[in-house]
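Report on one structure; see the data block that follows.
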Number of protein chains: 2
Amino acid sequence: MAGINRVAAKEKFLRFLEQKNLRMTSQRQVIIDTVFSTDQHFTAEQLLDWARKQDQSVSRATVYRTLPLLTESGLVHEMDFGKDYKYYDPNYADSPNHNHLICQDCDRIVEFESDKIDKLQDEISQSLGFSLKAQQLRLTASCDELKRLGACKNKAC
Amino acid sequence: MAGINRVAAKEKFLRFLEQKNLRMTSQRQVIIDTVFSTDQHFTAEQLLDWARKQDQSVSRATVYRTLPLLTESGLVHEMDFGKDYKYYDPNYADSPNHNHLICQDCDRIVEFESDKIDKLQDEISQSLGFSLKAQQLRLTASCDELKRLGACKNKAC
DNA sequence: AGCTTTTTGATACTGAGACGCAAAAATCGT
DNA sequence: ACGATTTTTGCGTCTCAGTATCAAAAAGCT
């Protein structure tokens, strides 16, 4: 599953820029092309590297300036995995409620959804007197189950 | 509910140090006294400020060195609320599975627990082939429910 | 083409946290 | 109680992600 269609994403971003009276530039093109050519989570610095392979001249500043736009437009989601830098998730437009399980042994990140959890979160928020706006669930786990079965395909396992 | 007993906490920390062949020093005393005189979440810099009011000589380095010890001993929990600095939660020893709801309007942090969610998390981890080690659930919400009812006591609401 | 507004890239800056090291404190053996 | 050994401390420096500044370049407008 390769995330949102690159063309659809670009289109949505165009509409967002228009509505905000911002301009589509070649640098922004390169950046969102890069973002939606993967479905991996990435950091700002990674994105800079990748984008520069496509266009030497893309600057760090522009990458850091474009990421908040992508976040605001709902195409990408800002995540913190407990490191001292941010991660960005390009699968957000597809499934805005997905959660993450991070393996502490092999650093894999597995995405999952759960209607039951979503529903409970809503109920709890209501019962505390709030209305839920956003949510982040992060499970830290160990793949020893898979290891025991010899089924873990990851090199680090 | 004022968090774990200060005396109990100090005792637990003493045992932890002993087991690791580390020493109890006056600075570490001051730091954990400070930590367990509140049940609020705090940052490293806040802790430094508070501790220095009690003992001028406590250094930034020592605070930053002590916090990982407190975390490792299970007395405190490291949290990220999406800011670029970490928060620490002194209520962790009491209820290691509690979750957080952060109000985006008034910045209040409400703690809550849910056996149902805990259970679902475990089930999901198992079904993905992992065993759950740790968990962080963060809800971002707005207190407009309370506001509408005129029941929100917070000044910012 | 000229004029205005936005965007860009280079560079300097900020702020949390880590590191290195010599001095100070705690522990231990005698 | 005292010197030897080990740990811890405080200071200063360093790193690194992210932000701010600003003149130059690009885009859009008439």
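Lettering of chains follows the sequences in order, A, B, ..., and the numbering in each one begins at 1.
- Across all strands shown, A:Arg65 has heavy atoms under 4.0 Å from base atoms, whether or not it also approaches the sugar-phosphate.
- Every residue was checked against the side chain to side chain donor-acceptor pair (under 3.5 Å) condition with B:Tyr85, not counting sequence neighbours, and none meets it.
- Atom CG in B:Leu69 sits about 12 Å away from atom C1' in D:dT7, given to the nearest Å.
- Remark: A:Tyr64 is in phosphate contact with D:dG18, judged by side-chain N or O atoms under 4.0 Å from OP1 or OP2.
- The nearest whole Å value for the distance from the CD atom in A:Gln46 to the C1' atom in D:dA17 is 14 Å.
- Protein chain B contacts DNA chain C over a range whose 5' and 3' limits, counting nucleotides with an atom under 4.0 angstrom from a non-hydrogen atom, are C:dA16 to C:dT27.
- Position along DNA chain C of the nearest nucleotide to B:Glu45 versus B:Gln27 favours B:Glu45 as the more 5'-ward residue.
- Once rounded to the nearest 0.5 Å, the distance linking OG1 of B:Thr71 with CD of B:Glu78 reads 5.0 Å.
- Side-chain contact check for B:Asn91 and B:Asp39: no donor-acceptor pair (N or O, by modelled atom type) lies under 3.5 Å.
- For the residue pair A:His98 / A:Asp89, a side-chain donor-acceptor distance below 3.5 Å is found, with atom types taken as modelled.
- Using cut-offs of 30° and 60° on the angle between ring planes, the pair A:Phe81 and A:Tyr87 is tilted.
- Overall, the helix from C:dA1-D:dT30 to C:dT30-D:dA1 carries an axis bend of 30° between its ends, with five pairs at each end and the value rounded to 10°.
- Along DNA chain D, the nucleotide nearest B:Ala61 and the nucleotide nearest B:Asp84 are compared for position; the residue whose nucleotide lies closer to the 5' end is B:Ala61.
- Between the CZ atom of B:Arg23 and the P atom of D:dT5 there is a distance of 14 Å, given to the nearest Å.
- Between A:Met24 and B:Tyr88, the residue anchored nearer the 5' end of DNA chain C, judged by the nucleotide with its closest heavy atom, is A:Met24.
- Among all heavy-atom pairs drawn from A:Lys12 and A:Gly74, the shortest one is NZ-O, 4.3 Å.
- Per the geometry, CZ belonging to B:Arg60 stands 14 Å off C1' belonging to D:dC14, to the nearest Å.
- Not one side-chain nitrogen or oxygen of B:Thr25 sits closer than 4.0 Å to the OP1 or OP2 atom of D:dT8.
- Note on B:Ser57: a side-chain N or O is less than 4.0 Å away from OP1 or OP2 of D:dG10.
- When the P atom of D:dT19 is taken as reference, atom OH of B:Tyr85 falls 13 Å away, rounded to whole Å.
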- Message: Checking B:Asn5 against B:Glu11 for the side-chain hydrogen bond (donor to acceptor under 3.5 Å, both in side chains) test, could you report, in this order, the C-alpha distance in whole Å, the side-chain angles of both residues, the deciding distance, and whether it holds?
- Response: CA-CA 10 Å; B:Asn5 187 314; B:Glu11 204 122 305; over 6 Å; no

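- Taking atom CG of A:Leu67 as the reference point, atom C1' of D:dT19 lies 14 Å away to the nearest angstrom.
- At a cut-off of 3.5 Å, with distance as the only test, no side-chain donor of A:His41 or A:Gln46 sits close to an acceptor on the other residue.
- Defined by atom type and a distance below 3.5 Å, a donor-acceptor pair is missing between the side-chain atoms of A:Ser37 and A:Thr34.
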